[in-house]
Amino acid sequence: MDLTPEPESLDELIADCAHLPSALHAPRTAAVAGRLPTPRSPRPWTVDDACHAQVADLDAYV
């Protein structure tokens with residue numbers, strides 16, 4: 001029986017998720033770090049016409 005209370009806000013949920021047991025963390029060794037690719041810079045976020053068309057009539061549902 002789990003007596004841990006459910007988070008009541010997004011902040012509590014994020015804080016709960018930040019405290020994962022160490023057994024669930026991937027090992028951080030030099031060998032593993034050497035195999036990981038370097039992070040790429042994110043591309044600028046844009047909305048194209050096809051994306052906009054998916055929500056064009058959204059006001060009709062509100």
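- Between E6 and E12, the closest heavy-atom pair is O-OE1, 4.3 Å.
- Atom CG of D48 has more than 12 heavy atoms from other residues, nucleotides or ligands within 6.0 Å.
- Atoms NE2 and OG1, on H52 and T46 in that order, are 13.0 Å from each other to the nearest 0.5 Å.
- Taking each heavy atom of P7 and L13 in turn, the nearest pair found is CB-N, 3.6 Å.
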